[in-house]
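Worksheet: the structure to be examined is printed underneath.
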Amino acid sequence: KLRVQQAPHTLRCCRWQSCLQSAMIQVAADFGATLASVFAKGWALVTSLPLVGAVLRKLQDAIPDVNDQNILSFFALLMRYRSFDFVAFMRSHREALKRGQETGDFVPGVCNYYRLMADIITMSSGPFWHFVPMTQGLSRKECHDQFHHRMASFLSAQSEDKILEFGCGFGEIGRQVALLSGASVTGLTMADEEIAGGNERIKKAGLEGRCAMVQGNYHKMPFEDESFDKVFGVYTLKYSADLTTAIGEMARVLKPGGRFVSYEILVSNAYDASNKQHKSYVDNISHSTCMPPLWPAQAMRDAAAKAGLVAKEEVDLCAAPQEGAWYSCFENTGIHALLSSSIVLRLVSLGEALRILPKSFADFFDYCIVHPTTDFVNAGRLGIVTGSVMMVWEKPC
């Protein structure tokens with residue numbers, strides 16, 4: 001066998017080039033940081049000027065916030081996932097959905113979905129994964145802040161309470177409730193990525209002593225009976241194919257006199273399963289997210305009653321005159337119009353054909369981005385899906 005050895009001077013040359021490259025990268029990074037600092041100070045100085053500053057601040061406000069819901073996040077998505085294996089993801093997504101429909105167990109599909117979508121949803125919508133009423137005169141972030149206060153109020157959260165947020169994702173709402181009330185909040189979720197991401201966010205918020213993430217399935221929770229003063233979930237029971245078991249678990253871990261609060265996406269009384277358009281929108285929402293069919297509100301009421309919980313309040317937060325529709329965030333940002341355009345889908349397909357975009361990205365874009373986004377808006381406009389109903393129960397003493 002022949003063995004090719006590099007000459008010593010060649011090895012020294014390679015090492016020298018590697019060191020030089022590392023040094024150049026560090027210099028570029030330092031220069032970039034310095035430039036960013038200078039720009040920030042210069043921008044602060046210019047915007048403080050009476051006339052010019054007012055104009056520039058207006059322009060700044062018109063630029064979408066990268067940490068909020070905006071169209072520009074689509075381009076960030078393309079950059080971050082240009083090497084992702086969408087072929088494998090879409091195959092596993094459809095296989096998991098089929099198994100869920102056959103067995104009633106959608107848990108593996110939900111975990112698979114959020115291994116990718118947790119990051120993408122955060123990238124495109126910031127930390128807020130749920131819909132809230134879009135109050136006139138308030139930004140989307142301000143509307144979510146208002147929702148956090150409402151949730152703390154519906155929970156009657158107190159500083160001495162131990163609160164559980166089940167199906168919490170990264171645990172954003174639980175952390176906000178903890179900050180507002182002083183309560184201790186435990187977040188329960190299944191996905192590894194959400195446990196890691198939630199712990200990072202708890203540390204960043206300085207809430208290590210009051211917030212914690214626990215991995216588990218809310219149909220069989222790893223907690224003792226009567227462990228929590230309050231229990232709540234936001235947009236998470238839609239992933240359950242067995243409401244009786246799920247809500248029974250909430251009642252089990254809740255202390256006597258404690259509150260259970262649920263804020264869900266539901267099909268309304270106006271939904272007609274025999275109407276092809278109705279069924280198409282509602283099925284798309286479920287299939288795109290790998291979850292069972294959406295529940296009606298009555299199924300929630302029945303499961304809670306069976307668990308021995310007593311209904312206290314049921315409020316549609318969008319019912320007040322000043323509140324905009326829960327799905328209007330997609331309309332206000334232009335996202336619905338963009339994703340509804342067949343031209344956009346054709347351009348994405350062309351990009352994939354030209355190998356600018358990864359293989360099967362067009363399939364993913366249509367199946368998991370266009371849907372369910374456009375279906376939420378279309379179904380919401382028809383009044384067949386609701387996304388702003390707060391339901392409150394108590395466990396008798």
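These numbers come from a predicted model, not from an experiment. Just so it is clear, the values below take in all heavy atoms, side chains as well, and ignore hydrogens, waters and symmetry mates.
Taking the side chain as every heavy atom from C-beta outward, V385 and L266 never approach each other to under 4.5 Å. In this structure the side chain of V389 never reaches within 4.5 angstrom of the side chain of V315, judged on heavy atoms. The closest side-chain heavy-atom distance from H149 to L180 is below 4.5 Å. Using a 4.5 Å cut-off on side-chain heavy atoms (C-beta onward), R381 and E331 make contact. Looking at heavy atoms from C-beta onward, V267 lies out of side-chain contact with H278 at the 4.5 angstrom threshold.
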Step-by-step side chain to side chain donor-acceptor pair (under 3.5 Å) determination, Q322 to T135: CA-CA 6 Å; Q322 78 276 11; T135 308; 6.0 Å; no
Evaluation steps, side chain to side chain contact (heavy atoms under 4.5 Å, CB included), between I356 and R82: CA-CA 8 Å; I356 299 171; R82 61 188 181 277; over 6 Å; no
E165/T186 under side chain to side chain donor-acceptor pair (under 3.5 Å): CA gap, chis, key distance, verdict: CA-CA 6 Å; E165 180 188 7; T186 299; over 6 Å; no
Derivation and outcome, side chain to side chain contact (heavy atoms under 4.5 Å, CB included), residues F364 and I120: CA-CA 12 Å; F364 165 77; I120 290 178; 3.6 Å; yes
Audit row: Y81, D119, side chain to side chain donor-acceptor pair (under 3.5 Å) steps and yes/no: CA-CA 11 Å; Y81 290 97; D119 182 54; 2.4 Å; yes
Full working for side chain to side chain contact (heavy atoms under 4.5 Å, CB included) between F84 and L116: CA-CA 10 Å; F84 186 78; L116 172 62; 3.9 Å; yes
K230/V261 under side chain to side chain contact (heavy atoms under 4.5 Å, CB included): CA gap, chis, key distance, verdict: CA-CA 8 Å; K230 314 285 168 58; V261 179; over 6 Å; no
Side chain to side chain donor-acceptor pair (under 3.5 Å) between H219 and S240, worked out: CA-CA 8 Å; H219 293 90; S240 174; 2.8 Å; yes
Worked verdict on R150 versus E323 for salt bridge (Lys or Arg N to Asp or Glu O under 4.0 Å): CA-CA 14 Å; R150 286 178 172 177; E323 303 293 7; 2.8 Å; yes
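To the nearest 0.5 Å, atoms OG1 (T244) and NZ (K306) are separated by 4.5 Å. To the nearest 0.5 Å, atom CZ of residue R301 and atom CD1 of residue I247 are 11.5 Å apart. Between M390 atom CE and L155 atom CG the span is 8.0 Å, to the nearest 0.5 Å. Distance check, rounded to the nearest 0.5 Å: CD of E95 to CE of M90 gives 11.5 Å. Residue F131 holds its CZ atom at 11.0 Å from OH of Y327, rounded to the nearest 0.5 Å. The distance from atom CG of D366 to atom CZ of F361, rounded to the nearest 0.5 Å, is 11.0 Å.
Evaluation of the salt bridge (charged side-chain N to carboxylate O under 4.0 Å, His left out) rule for K98 yields E102 as partners, not counting sequence neighbours. Looking at residues two or more places apart in sequence or on another chain, you find a side-chain hydrogen bond (donor to acceptor under 3.5 Å, both in side chains) between R252 and D225, E249. Taking Q176 as the reference, H148, E172, L179 meet the side-chain contact (heavy atoms from CB on, under 4.5 Å) condition, with sequence neighbours excluded.
You'll find the ring centres of H287 and H371 outside the 6.0 Å limit. For F147 and F154, the ring centers are positioned 6.0 Å apart or more. You'll find the ring centres of Y367 and H93 inside the 6.0 Å limit.
Residues Q215 and M190 share a closest heavy-atom pair of NE2-O, 2.6 Å. Closest approach of C368 and S288 over heavy atoms only: SG-O, 3.9 Å. Across every non-hydrogen atom of C318 and W326, the tightest pair is SG-N, 3.6 Å. Across all their heavy atoms, I369 and L339 have their closest contact at O-CD1, 3.7 Å. Here the closest heavy-atom approach between residue A362 and residue L345 is recorded as O-CD1, 4.2 Å. Between Y281 and L382, the shortest heavy-atom distance links the atoms CE1-CD1, 3.7 Å.
Remark: side-chain polar atoms of Y263 are not paired, donor with acceptor, to backbone N or O of F232 under 3.5 angstrom. In this structure a side-chain-to-backbone donor-acceptor pair under 3.5 Å is missing from S360 to D363. For the pair N284 (side chain) and S280 (backbone), a donor-acceptor distance under 3.5 Å is present. Under the 3.5 Å distance criterion, the side-chain polar atoms of K359 are left unmatched by any main-chain donor or acceptor of F86. Checking side-chain atoms of D161 against main-chain N and O of Q158 turns up a donor-acceptor pair under 3.5 Å. In this structure, the side chain of E264 engages the main chain of T236 through a donor-acceptor pair within 3.5 Å. In this structure a side-chain-to-backbone donor-acceptor pair under 3.5 Å is missing from R259 to A157. Here the side chain of R140 pairs no donor or acceptor atom with the backbone of T333 at under 3.5 angstrom. Looking at N332, its side chain does come within 3.5 Å of a backbone N or O of S328 through a donor-acceptor pair. At least one donor-acceptor pair closer than 3.5 Å links the side chain of D229 to the backbone N or O of K162.
Between H130 and F128, the two ring planes are perpendicular [angle over 60°; tilted spans 30° to 60°].
Side-chain contact check for D272 and S274: at least one donor-acceptor pair (N or O, by modelled atom type) lies under 3.5 Å. Between the side chains of Y239 and Y114, at least one donor N or O lies within less than 3.5 Å of an accepting N or O.
Summarising the local packing, CD1 of I343 is surrounded by 12 or fewer heavy atoms from other residues, nucleotides or ligands at distances under 6.0 Å. Within a 6.0 Å sphere centred on NZ of K255, other residues, nucleotides and ligands contribute more than 12 heavy atoms. In E224, the CD atom is not crowded: 12 or fewer heavy atoms of neighbouring residues, nucleotides or ligands sit closer than 6.0 Å. In D302, the CG atom is crowded: over 12 heavy atoms of neighbouring residues, nucleotides or ligands sit closer than 6.0 Å.
One hydrophobic cluster, built from ILVMFWY side chains closer than 4.5 Å, holds both L338 and I335. L237 and L188 fall within a single hydrophobic cluster, where Ile, Leu, Val, Met, Phe, Trp and Tyr side chains are chained together by heavy-atom contacts under 4.5 Å. Neither I195 nor F223 shares a network with the other; the hydrophobic side chains, linked directly or stepwise wherever heavy atoms of I, L, V, M, F, W or Y lie under 4.5 Å apart, form separate groups for each. The same ILVMFWY cluster, assembled from side-chain heavy atoms under 4.5 Å apart, contains both V132 and I173. In the hydrophobic cluster analysis, where Ile, Leu, Val, Met, Phe, Trp and Tyr join through side-chain heavy atoms closer than 4.5 angstrom, L97 is grouped together with M291.
Salt bridge annotation for E194-R115: absent, with no cationic side-chain nitrogen under 4.0 angstrom from a carboxylate oxygen.
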